[in-house]
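For reference, the structure discussed in these notes is given below.
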Amino acid sequence: MNFKLTAGWLYGALVVLLCAWILHEFLQPLLAAGVIAIASWPLYERFAARLPRRVTRGAASLMFTCAVSAFMLGPLMFAFLALLSEAQALLRDIALAGENGVPVPSWLEHVPLGGPWLAAHWESGLARPGALSMWAQRSDPAVLLPWAQSLGQFTLRHALIIVFTILLLFLLYREG
């Protein structure tokens, strides 16, 4: 077999590599949508068969995609709401600790090689009312900005992955 490497083959390989590099971020949602569609295809066929004939294939796909999305994202949303509830309780406890001071934990004095020293510093720093707010005012807000940006980027990226997966799932159901 005579294989000749020409400029056309080189350009073709370059195009394929560039496409793979661009689409590698979409591989995870594509695989997730494919696995979900394959696993739930028998259920979708039974669901679509029970619908009235006037319901189009796109509407049946949309209804089933919404049902599967609710089934898959329901526990995630429950966990997110529970996390928000716990975060609210934590912020309330922090505000109460800022008003009343944070008492020295009983175990801190029993820490080897410096427990009494740590307890004394705790007592002078955090145990007084308002000490927590003074400590927070001394901290630099610019330190929190990169962390908040990172959290926002993480959240937005994963929300877009979920939306893209749901869109792909709808298209897989619609096109069969």
Side-chain angles (χ1 to χ4, degrees), residues 17 20-44 47 61-173:
L17 285 174
W21 179 67
I22 291 170
L23 295 176
H24 84 279
E25 288 292 326
F26 298 106
L27 188 60
Q28 181 184 7
L30 180 63
L31 290 174
V35 167
I36 294 169
I38 290 170
S40 62
W41 188 255
L43 292 173
Y44 172 69
F47 174 79
S61 300
L62 181 63
M63 287 188 286
F64 197 74
T65 302
C66 289
V68 168
S69 298
F71 179 73
M72 295 293 216
L73 296 177
L76 181 66
M77 294 308 294
F78 176 75
F80 182 71
L81 291 174
L83 182 67
L84 282 179
S85 173
E86 291 298 320
Q88 183 181 11
L90 177 66
L91 289 175
R92 190 176 29 238
D93 289 345
I94 289 173
L96 187 64
E99 291 174 5
N100 300 332
V102 182
V104 180
S106 60
W107 55 266
L108 189 59
E109 291 182 2
H110 304 294
V111 172
L113 300 176
W117 180 80
L118 287 171
H121 277 287
W122 187 297
E123 185 71 40
S124 67
L126 293 173
R128 296 173 299 152
L132 196 59
S133 63
M134 292 292 288
W135 179 76
Q137 287 173 356
R138 281 186 282 165
S139 65
D140 186 16
V143 173
L144 294 177
L145 185 61
W147 180 81
Q149 286 176 334
S150 175
L151 180 65
Q153 289 171 353
F154 175 84
T155 304
L156 182 64
R157 181 178 188 279
H158 285 82
L160 288 175
I161 287 173
I162 290 171
V163 167
F164 188 68
T165 302
I166 291 170
L167 178 65
L168 285 172
L169 187 60
F170 166 73
L171 292 173
L172 287 172
Y173 285 141

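Computed from a prediction, not measured in an experiment: that's the story for all the values here. The analysis underlying the following values was restricted to heavy atoms, covering all of them including side chains, and did not include hydrogens, waters or symmetry mates.
Every residue meeting the side chain to side chain contact (heavy atoms under 4.5 Å, CB included) condition with Ala37, not counting sequence neighbours, appears here in chain and number order: Leu169, Leu172, Tyr173. Checked against side chain to side chain contact (heavy atoms under 4.5 Å, CB included), Val35 has no partners two or more places apart in sequence or in another chain. Residues satisfying the side chain to side chain contact (heavy atoms under 4.5 Å, CB included) criterion with Phe170, sequence neighbours excluded, are Ser61, Leu62, Thr65, Arg174. Residues that satisfy the side chain to side chain contact (heavy atoms under 4.5 Å, CB included) test with Ile22, not counting sequence neighbours, are absent from this structure.
The main-chain N or O of Trp21 is found under 3.5 Å from a side-chain atom of His24 such that the two form a donor-acceptor pair.
Screening residues 101-111 for side chain to side chain donor-acceptor pair (under 3.5 Å) gives no qualifying pairs among residues at least two apart or on separate chains. For the side chain to side chain donor-acceptor pair (under 3.5 Å) condition, no pair includes a residue of residues 142-154, sequence neighbours left out.
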Please output the side-chain donor-acceptor pairs of residues 157-165 that fall under 3.5 Å, not counting sequence neighbours, one pair per line with the distance.
| residue | atom | partner | partner atom | Å |
| --- | --- | --- | --- | --- |
| Arg157 | NH2 | Glu25 | OE1 | 2.6 |
| His158 | ND1 | Phe154 | O | 2.9 |
| Thr165 | OG1 | Ile161 | O | 2.7 |

Please tabulate, for the side chains in residues 72-85, all donor-acceptor contacts under 3.5 angstrom to protein atoms that are two or more places apart in sequence or on a different chain.
none

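Atom CH2 of Trp117 and atom CG of Leu108 lie 10.5 Å apart (nearest 0.5 Å).
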